[in-house]
Amino acid sequence: MAAVDWEVRRATVDDAAEIARLLHDFNVEFATPSPGADVLEARLRTLLAAPTTFAILAGVPAHAVALVTLRTNVWYDGAVALLDEMYVVPERRGEGIGSAVLEQMLKVAIDIGVDLVEINVDEIDVDAQRFYRRHGFSGNEAPAERAFYFFRELTGGDDPA
Ligand SMILES: CC(C)(COP(=O)(O)OP(=O)(O)OC[C@H]1O[C@@H](n2cnc3c(N)ncnc32)[C@H](O)[C@@H]1OP(=O)(O)O)[C@@H](O)C(=O)NCCC(=O)NCCS
């Protein structure tokens, strides 16, 4: 079997710069404001040092990342996880890297006692929806079950880089 150049691994604080680079590129690709990789790296150093955030990477240098945050929830004994970010660099999509990262993320989540994993996906992003369904996630199966994501920023948010 051919060797792959994208072994998956759980990130450490030392991976903060790599993750920041990927997340900045993600936002640039999809024309979403980013505070820049340096700001993201500083935040990630803090977040990854705490038990409420973990990340999975694939490849060296990394081609893909999944970033997850955890919270408590009254309806579950264990934690509820939110897949905040899931990104594979454009030139490496469709090779199974995202699947491997997602599966490793689920293994880590099970190991640390997560009961539910949530993902917000844009309605228009049907490719990502198919990808998550293939990995056992469900949502919006009928119009009557559609849910909407509401938000209100209480600060100015990030200025674009
Ligand atoms: C969605 C994503 C993480 C999947 O990673 P991947 O490594 O391409 O996925 P895999 O190779 O394991 O599986 C391929 C599946 O991913 C999905 N996919 C979504 N966008 C894709 C893209 N641009 N190219 C290829 N596959 C894509 C498809 O469902 C595809 O399966 P298909 O054969 O049915 O089309 C990756 O394509 C990506 O980073 N897309 C852009 C960012 C994004 O949409 N992130 C999710 C936000 S909720």
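Just follow the structure's listing: the first ligand is 1, and inside any ligand the first atom is 1. Owing to the predicted nature of the structure, the values given are computational and were not obtained by experimental measurement.
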How does Leu83 reach ligand 1, if at all, at less than 4.0 Å between non-hydrogen atoms: by side chain, backbone, both, or neither? neither
Nearest to [atom], what protein heavy atom do you find, and at what distance?
atom                    : answer
atom 1 (C) of ligand 1  : Phe131 CD2, 4.2 Å
atom 35 (O) of ligand 1 : Arg130 NH2, 2.6 Å
atom 2 (C) of ligand 1  : Val88 CG2, 4.5 Å
atom 36 (C) of ligand 1 : Arg93 CD, 3.8 Å
atom 11 (O) of ligand 1 : Gly96 N, 2.7 Å
atom 20 (N) of ligand 1 : Asp127 CB, 3.5 Å
atom 44 (O) of ligand 1 : Asp125 OD2, 3.3 Å

Looking at [Y] and [X], is any side-chain nitrogen of the basic one under 4.0 Å from a carboxylate oxygen of the acidic one?
X     : Y     : value
Arg93 : Glu29 : yes
Asp5  : Arg92 : yes
Glu41 : Arg21 : no

Should the pair Phe26 and Tyr87 be assigned to parallel (<30°), tilted (30 to 60°) or perpendicular (>60°) ring geometry? parallel
Is the closest side-chain heavy-atom distance between Leu70 and Pro51 below 4.5 Å? no
Asp115 versus Val80: any side-chain heavy-atom pair under 4.5 Å? no
Does at least one non-hydrogen atom of Arg134 fall below 4.0 angstrom from an atom of ligand 1? yes
Who's closest to atom 43 (C) of ligand 1 heavy-atom-wise, of Met86, Glu95, Glu29, Glu85? Met86
Which is closest to atom 8 (O) of ligand 1 by heavy-atom distance: Ala58, Gly94, Gly98? Gly94
Can you check whether a protein heavy atom sits less than 4.0 angstrom from atom 27 (C) of ligand 1? no
Looking only at non-hydrogen atoms, find the nearest pair between Leu44 and Ala20 and report the distance. CD1-N, 3.6 Å
If you measure every N/O of Tyr132 against every N/O of ligand 1, is any gap under 3.5 Å? no
Between Tyr149 and Phe151, does the ring centre distance come in under 6.0 Å? yes
